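What you see is a predicted model; the values in this text were computed from it and never measured.
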Amino acid sequence: FSFRFRAGFFIVAAVLVMIPTSIVMLSEHVAWSMTIVLVSILAIGSGITEGSLYGFAAAVSSASGQHSGANGEQDTATFATPAQAGQGFAGVLVCFIRIGSKAAFNTDTEGARQSGAVFFGVSALITMACSFLGSRIAAGLPPVHVDDTLTWAEKTAVVKKVHKYALAQVFINVVTMAVFPAMATSPGQSTLGLSSGWLTVILVTLYSVADTVGNLVGMPLMDRCFQRLPKGVMTMQSLTYWASMLRVILVPLFMMQAAERIKSDLAAMVLTVVLGLSNGALSVVCMEKAPGTFVASAEDR
C-alpha cells in the first residue's frame, strides 16, 4: 500500500501542476487537447489511490482486531464508513479551496487564470502531503496476506452472492456520472442573479456536502427502512438494488433543467442535494454490506 499511495498521489499532484501550466503556455486548441489527456492520466492516479484505499482500511481494521461482527460476519463498518466519508470530506475541502481562490481574484480572464493556478497549486501541495502521510502510515502496517487460491467456480459463487450490491453500485455510478457535473451544473440563466461561474461552484459544493452527509447517515437510514418493511418481503441487498434503480428518475429531471424547462436555481440546488445524498448513502451501504455477506474464517479475514 505504501508504494501504491506514493505512485497514485504523485501522478495526481503532477497532473494538477501541469493543467494550469499547459493552459498558460500552449495555444487554446492544443491546451484543450492536452487537458483531456491530463485528465485521463489524473483518473488513472485517482484510481490507484482510491482502489487501494479500501484494502488499506481493511488491513487497518484487521490489524486492530476489529473485524468480527454479529454472528461471526466481517464487521466492515469499522473501515468502510470512514473510508467513504473521508473521500466526501476531501471533496468538500476541494470545493472550499475553489471558493476561496475564486473569491480572491477578479472575474476577468487574467483573474480566472490566477485563481485557477492558485487552486491547482494548493491542491497539488495537499496531494503531496497525502502521499507522504499515506505511505508512512501504510509502511507501519504488517504485511497483508492475500488469498489468491480461489478457483473460478468460487469466484463466480462470490459474484452471485453479492450481484445485487454490485449492480446497485453500477447503477449508482452510471446515474451520477450521467448528470454530474455536466448537466447538473448547466441550469442556464440564474434566477438568483448569480454568475454562471459562482452558480457552478455552489452546485458542486452542495453535491459534495450532500454526498458526505449521505456517507455518514446511509447505513442507519437504510437499516431503519429495512426494519420497517414487513418481514420476508425483501433482503437488504434487494432493497439497496431497487433504491439505486429509483435514482434513474433523476436523469430526465436534470435533462429538463439543462434544457431550461425547469428554470429555478432553487430547483437545481434541491436536485443536486438529492443526487449527492442518494449517491453517498447507497454507495456506503454497498461497500459495507457486500463484504459482510460472507462469514469468513479467522485465517481468511
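In this view, A168 and T240, S244, C286 satisfy the side-chain contact (heavy atoms from CB on, under 4.5 Å) rule, not counting sequence neighbours. In this structure N173 satisfies the side-chain hydrogen bond (donor to acceptor under 3.5 Å, both in side chains) test together with Q169, sequence neighbours excluded. Scanning for ring pair (Phe, Tyr, Trp, His ring centres under 6.0 Å) contacts around F10 gives an empty result, with sequence neighbours left out. Under the side-chain contact (heavy atoms from CB on, under 4.5 Å) criterion, I97 pairs with L93, F119, V122, I126, not counting sequence neighbours. By the ring pair (Phe, Tyr, Trp, His ring centres under 6.0 Å) test, F180 is found to be paired with Y207, residues two or more places apart in sequence or in another chain being considered. Remark: A129 engages no residue in a side-chain contact (heavy atoms from CB on, under 4.5 Å) (not counting sequence neighbours). Scored by the side-chain contact (heavy atoms from CB on, under 4.5 Å) test, L167 finds H163, F171, Y241 as partners (sequence neighbours excluded). In this structure, the side-chain hydrogen bond (donor to acceptor under 3.5 Å, both in side chains) partners of T235, at least two apart in sequence or on a different chain, are S238.
Applying the ring pair (Phe, Tyr, Trp, His ring centres under 6.0 Å) test to every pair with at least one member in residues 24-47, sequence neighbours left out, gives no pairs at all. Listed by first then second residue, pairs satisfying side-chain hydrogen bond (donor to acceptor under 3.5 Å, both in side chains) with a partner in residues 174-183 read T176-R247, T176-N279, not counting sequence neighbours. The salt bridge (Lys or Arg N to Asp or Glu O under 4.0 Å) analysis of residues 217-239, with sequence neighbours excluded, yields the pairs D223-K289.
Chaining together hydrophobic side chains whose heavy atoms lie under 4.5 Å apart leaves V17 on its own.
Between R98 and V201 the shortest heavy-atom distance is CG-CG2, 4.3 Å.
Taking CD1 of I36 as the reference point, atom CD1 of I41 lies at 12.0 Å (rounded to 0.5 Å).
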